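First up is the structure itself, then whatever we jot down about it.
No hydrogens, no waters, no symmetry mates; every other heavy atom, side chains included, goes into these values. The shown structure was predicted, so the numbers you read here are calculated from the model rather than taken from an experiment. Numbering of ligands and ligand atoms starts at 1, following listing order.
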Amino acid sequence: MPTAGRFITFEGIDGSGKSTQARALAESLESEGRPVLLTREPGGSPGAEEIRRLLVQGDGARWSAETEILLFTAARRDHLEKTVEPALVAGTTVISDRFADSTRVYQGAARGDLRGLVDRLHADMIGTEPHLTFIIDVEPGAALARGLARNSGEDRFEDLGLAFQTRLAHGFRALAKEFPHRCHLIDGNRSVEAIRREIAQLAREALG
Ligand code: ADP
Ligand code: TYD
């Protein structure tokens, strides 16, 4: 990827506090004078936001795992082309609330043994990895309560229940071990401020 900017992603189960921490890091880097773009998946470009609505609303069994992989990958491709790559080329630090690691865990491990398919599609259609990834690791029961308390109308995945969220949490921990050079596993069972400080320090060290 021909980039001048750095690409940072936040990952974790639903309600883990990713969005809160992604916003906090964006504010912290901006206050130091860095150009920052805060974005999210699924979504982050007009076309990908349309695909998002198909994915997050409706019945939990609406799509098969295979169809989901195709929809998430289509949304990611549009997000990359229209939003992420132009910003990186312009030297902007891009912070994305979720990226390909979510597909590796949600579709590739937690719902069916489809990791091979996820990896092949990623290699052919996306081929980009973040420079730095924060995986927020929280107790699934607490995260589920936080997520459902938001009552956002986008609870298709939360509706799949605690056992599913627990499988996801294991998947994200395994992913941190698989990509140790870019992934930091962050203890999310703490105050927003304590987590924010740790992430800001790690980002500063990584960005130089
Ligand atoms: P995610 O993006 O991972 O789904 P959010 O950042 O939207 O999570 O947080 C989900 C809910 O939990 C929000 O209401 C948020 O204010 C709250 N929250 C986030 N981080 C913490 C924390 N460390 N402790 C307690 N509540 C938190
Ligand atoms: P998100 O808006 O980040 O939800 P939350 O704030 O609850 O964490 O993501 C929407 C849902 O889509 C979420 O349950 C995770 C799921 N998802 C996948 O299953 N695969 C993916 O590749 C991505 C990006 C998200």
Is the closest N or O pair between S19 and ligand 1 shorter than 3.5 Å? yes
Below 3.5 Å, N or O to N or O, backbone or side chain included: is there any such pair between D14 and ligand 1?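 The answer is no, given that D14 and ligand 1 share no N or O pair closer than 3.5 Å.
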Between R40 and ligand 2, does any nitrogen or oxygen pair lie at a separation below 3.5 Å?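 In fact, backbone or side chain, R40 has no N or O that close.
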Honestly, for I195 the part within reach of ligand 1 (heavy atoms, under 4.0 Å) is side chain
Just which atoms of ligand 1 are under 4.0 Å from any heavy atom in [X]?
{"X": "V192", "result": "20 (N), 21 (C), 22 (C), 23 (N)"}
{"X": "G15", "result": "1 (P), 3 (O), 4 (O), 8 (O)"}
{"X": "G17", "result": "1 (P), 3 (O), 5 (P), 6 (O), 8 (O), 9 (O), 19 (C), 20 (N)"}

Could you pull out, from [options], the option with a heavy atom nearest to [atom]?
{"atom": "atom 2 (O) of ligand 2", "options": "K18, R52, Q107", "answer": "R52"}
{"atom": "atom 4 (O) of ligand 2", "options": "I136, L168, D14", "answer": "D14"}
{"atom": "atom 22 (C) of ligand 1", "options": "R40, E193, R146", "answer": "R146"}

Polar contact flag, side-chain donor to acceptor under 3.5 angstrom, E11-T133:
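There is no such pair (donor and acceptor under 3.5 Å, judged by atom type) between the side chains of E11 and T133.
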R76 heavy atoms within 4.0 Å reach ligand 2 at atoms 22 (O), 24 (C)
For E41, check side chain to side chain donor-acceptor pair (under 3.5 Å) against everything at least two apart and list the hits.
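E41: side chain to side chain donor-acceptor pair (under 3.5 Å) contacts with R76, H79.
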Quick one: which residue pairs count as a ring-ring contact (aromatic ring centres under 6.0 Å, His included) with a foot in residues 23-58, not counting sequence neighbours?
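Residue pairs passing ring-ring contact (aromatic ring centres under 6.0 Å, His included), neighbours aside: none found.
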Sidechain N-carboxylate O distance under 4.0 Å for D14, R98 |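 A salt bridge links D14 with R98.
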